[in-house]
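Read the structure below first, then the notes.
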Amino acid sequence: MAHVDTIVLGAGIVGTSIAVHLAKRGVSVALVDRGGAGEGTSYGNTGIIEGNTIFPAAFPSSFSALLRVALKRAPEANYHLTFLPKVAPWLLAFRAASQPSRLIETAQIIRPLMARAVAEHEALSAEAGAEKYLRHTGWLKLYRSDQSFKAQARELDLAARFGIANVPLDGDAARALEPSLKPVFRHAVHWTGAVSVSNPLALTRAYAARFAGLGGLAFTGDARTLHRADGHWRVDTAAGPLDAGDVVVALGPWTPDLIGPLGIKLPLAVKRGYHWHFRPQGNAGLSRPILDADNGYCLAPMEQGIRLTTGAEFAARDAPPTPVQFDRVLPKARELFALGEAVETNPWMGSRPCFADSRPVISRAPNQRGLWLAYGHGHWGLSLGPATGRLLAEMMTGATPFCDPAPYAAERFLH
Ligand SMILES: Cc1cc2nc3c(=O)[nH]c(=O)nc-3n(C[C@H](O)[C@H](O)[C@H](O)COP(=O)(O)OP(=O)(O)OC[C@H]3O[C@@H](n4cnc5c(N)ncnc54)[C@H](O)[C@@H]3O)c2cc1C
């Protein structure tokens, strides 16, 4: 029977970063996943370490925008009709959290964590020899109309208040940065402090290798075997049972599969998202990720090709993929950039684990001694993985947390 201080369940960017931070603090840790590190949601994101993002993704603010989504004409969103009754309470909470004053409140609440996103990745990637995956070129948001550019004025105001660097550009200046972009947009904002990743899978794997270098143990196993035995937590792995006094659940969108049966019901939904790699035509290229703000997709240069990522799809996590958003966004993307043929036959699909208030849960689990939760990072999990790792490791080892963890407590849903 193997025994460690702490078992971390889930080797995505969040669980792996927690495991590294605990191991660095002298805790003996086992990291358990049913697959390899970084192969879940953390595999397929846009690769933006969004330490400078201010507002969370929001519910459509106008009737016309909502109608476009309802009629399935919106490039940025899709839904399965049969799933809507199930997700309706979450959508109502999301709509409430998307009121302008609530968005500002969320931006302020999340800032201390967000403000560490880039620095914590830089520190971890330096330790892990993974700096080669980080690009310090910022990211670029493009606006095709004056109207859409004006609509984000509030974000620039708040950025000024928070001291977050950005450079508004006209189309020509943006194309001086990214000469392969075609002149179909009028404005851009270059968020200069953001960092992007050329291979998110390789980055998580490098952090997992750093964990192993610190003496951390990795196991293959099904987290759902977790139970109490002999006064400890026990999980079954391919190498036999594993015991620990503490367990961290970092299973991303699969977390409810484990904690639900333990009686912990927190209102998580998933926003499914897709990516597809394309070869650039000729010598076209990008130096940083870009967002086509009017059309709700991103293009990100990756080692595998240009990764086109889609917005949110509201559907059951395990329902078959319905990548219809590509039909809507591909013509727009081809207007903007010379995308060649697809690298893979089919797109990849993942599920962003999202709470309606756009904050993760990073806290003790309610009513379960020795159980900790770190999930629900939504659109920002890649960004916040290492900052979450540090925060939770500080909380678990009795150190002073670098920021107030209260806004991320599971208890916020239990009142
Ligand atoms: C299209 C798209 C674009 C995105 N772009 C960005 C971006 O640019 N920047 C950003 O910050 N974030 C982005 N995100 C969000 C980000 O990818 C996620 O928030 C993040 O990957 C979540 O990490 P995680 O470690 O919580 O979950 P995961 O990476 O899903 O890790 C959970 C792990 O749990 C394991 N697991 C599940 N069930 C079991 C079980 N029963 N037993 C054992 N193991 C199990 C899985 O194998 C997996 O490895 C994007 C997401 C999508 C879908």
Side-chain angles (χ1 to χ4, degrees), residues 7-19 31-53 56-57 113-114 117-118 121 139 194-197 200-201 203-205 207-208 218-226 235-238 248-259 261 268 270-276 288-291 296-300 302 307-313 317-318 323 325 347-355 358 360-362 373-389:
I7 297 169
V8 178
L9 298 173
I13 187 66
V14 174
T16 303
S17 300
I18 293 167
L31 181 58
V32 178
D33 200 291
R34 61 186 173 194
E39 293 176 2
T41 324
S42 301
Y43 170 76
N45 50 61
T46 312
I48 305 166
I49 299 175
E50 302 196 64
N52 56 6
T53 286
L113 200 56
M114 228 20 160
V118 168
H121 266 288
W139 78 302
V195 168
S196 64
V197 177
L201 172 64
L203 187 73
T204 308
R205 282 185 174 161
Y207 293 174
F219 291 90
T220 304
D222 187 338
R224 291 169 300 179
T225 60
L226 184 74
V235 69
D236 298 328
T237 75
V248 178
V249 188
L251 296 169
W254 293 278
T255 300
D257 298 0
L258 173 66
I259 65 172
L268 188 85
V270 297
K271 291 187 196 169
R272 306 200 312 180
Y274 299 83
H275 84 219
W276 211 345
R288 53 183 65 73
I290 59 130
L291 166 77
Y297 67 88
C298 290
L299 295 176
M302 294 283 173
R307 181 177 286 187
L308 193 167
T309 56
T310 64
E313 181 179 66
R317 184 193 66 199
D318 299 331
Q325 280 158 283
W348 170 91
M349 185 188 82
S351 296
R352 303 173 184 92
C354 298
F355 289 105
S358 298
V361 164
I362 307 168
L373 305 174
Y375 76 116
H377 291 72
H379 294 253
W380 293 332
L382 172 70
S383 308
L384 294 179
T388 298

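Counting convention: from 1, in listed order, for ligands and their atoms alike. Sequential numbering from 1 along the given sequence is applied to the chain's residues.
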So the atoms of ligand 1 within less than 4.0 Å of a heavy atom of Gly10 turn out to be 33 (C), 34 (O)

Item checked: Main-chain N/O of Pro253 paired with Arg317 side-chain donor or acceptor, under 3.5 Å -> yes

Of Leu251, Leu382, Ile48, the residue with the heavy atom nearest atom 9 (N) of ligand 1 is Ile48

Do Thr388 and His377 pair up side chain to side chain, a donor and an acceptor below 3.5 Å, judged on atom types alone?
yes

message = So Ile13 and His121, do their side chains get closer than 4.5 Å, heavy atoms only?
response = yes

Rounded to the nearest 0.5 angstrom, the CD1-CG distance for Ile259 and Leu226 is 11.5 Å

Atoms of ligand 1 under 4.0 Å from any heavy atom of Trp380, numbered from 1 in the order shown, are 10 (C), 11 (O), 12 (N)

of all protein heavy atoms, closest to atom 41 (N) of ligand 1 is Asp222 OD1, 3.0 Å

| query | Taking atom types as modelled and ignoring hydrogens, do the side chains of Thr204 and Thr16 form a donor-acceptor contact shorter than 3.5 angstrom? | reply | no

Heavy-atom proximity to atom 23 (O) of ligand 1, picking from Pro360, Pro289, Ser42, Gly252, points to Ser42

Atom 15 (C) of ligand 1 sits nearest the protein heavy atom Gly378 O, 3.1 Å

Any N or O of Gly273 closer than 3.5 Å to N or O of ligand 1: no

Between Arg307 (side chain only) and Asn45 (backbone N and O only), is there a donor and an acceptor less than 3.5 Å apart? yes

So CH2 of Trp254 and OG1 of Thr41: to nearest 0.5 Å the spacing works out to 4.5 Å

Note: Asp33 and Ala11 closest approach over all heavy atoms is OD2-N, 2.7 Å

Looking only at protein heavy atoms, what sits closest to atom 49 (O) of ligand 1 is Asp33 OD2, 2.6 Å

Atoms of ligand 1 under 4.0 Å from any heavy atom of Arg224, numbered from 1 in the order shown, are 41 (N)

min-distance protein heavy atom vs atom 10 (C) of ligand 1 -> His379 O, 3.2 Å

Closest non-hydrogen contact found for Pro353 with Leu268 is C-CD1, 3.7 Å

Note: ligand 1 atoms sitting under 4.0 Å from heavy atoms of Gly221 are 42 (N), 43 (C)

Checklist entry - Quick check: does any side chain N or O of Ser17 sit under 3.5 Å from a backbone N or O of Gly389, one acting as donor and the other as acceptor? => result no

*Look only at the side chain of Thr310 and the backbone of Tyr274, and say whether a donor-acceptor pair between them is shorter than 3.5 Å.*
yes

closest protein heavy atom to atom 5 (N) of ligand 1 is Thr46 N, 3.0 Å

- Below 4.0 angstrom, N of the basic side chain to O of the carboxylate: do Glu39 and Arg34 qualify? no

for atom 20 (C) of ligand 1, nearest protein heavy atom and its distance come out as Gly381 CA, 3.7 Å

Open item on the list: Below 4.0 Å from ligand 1: does a non-hydrogen atom of Ala37 turn up there or not?
Closed with: no

So the atoms of ligand 1 within less than 4.0 Å of a heavy atom of Ala223 turn out to be 40 (C), 41 (N), 42 (N), 43 (C)

Among Asn45, Val270, Thr41, the residue with a heavy atom nearest to atom 28 (P) of ligand 1 is Thr41

Atom 31 (O) of ligand 1 has as its nearest protein heavy atom Gly12 CA, 3.4 Å

Within 4.0 Å of some non-hydrogen atom of Pro253, the atoms of ligand 1 are 30 (O)

Is it the case that ligand 1 has an N or O less than 3.5 angstrom from some N or O of Thr309? no

For Ile13, the atoms of ligand 1 under 4.0 Å from one of its heavy atoms are 23 (O), 25 (O)

Within 4.0 Å of some non-hydrogen atom of Val14, the atoms of ligand 1 are 23 (O), 24 (P), 25 (O), 26 (O)

In terms of its nearest heavy atom to atom 2 (C) of ligand 1, the top option of Arg352, Lys271, Arg34 is Arg352

Distance-only donor-acceptor check, side chains His275 and Tyr297, under 3.5 Å = no

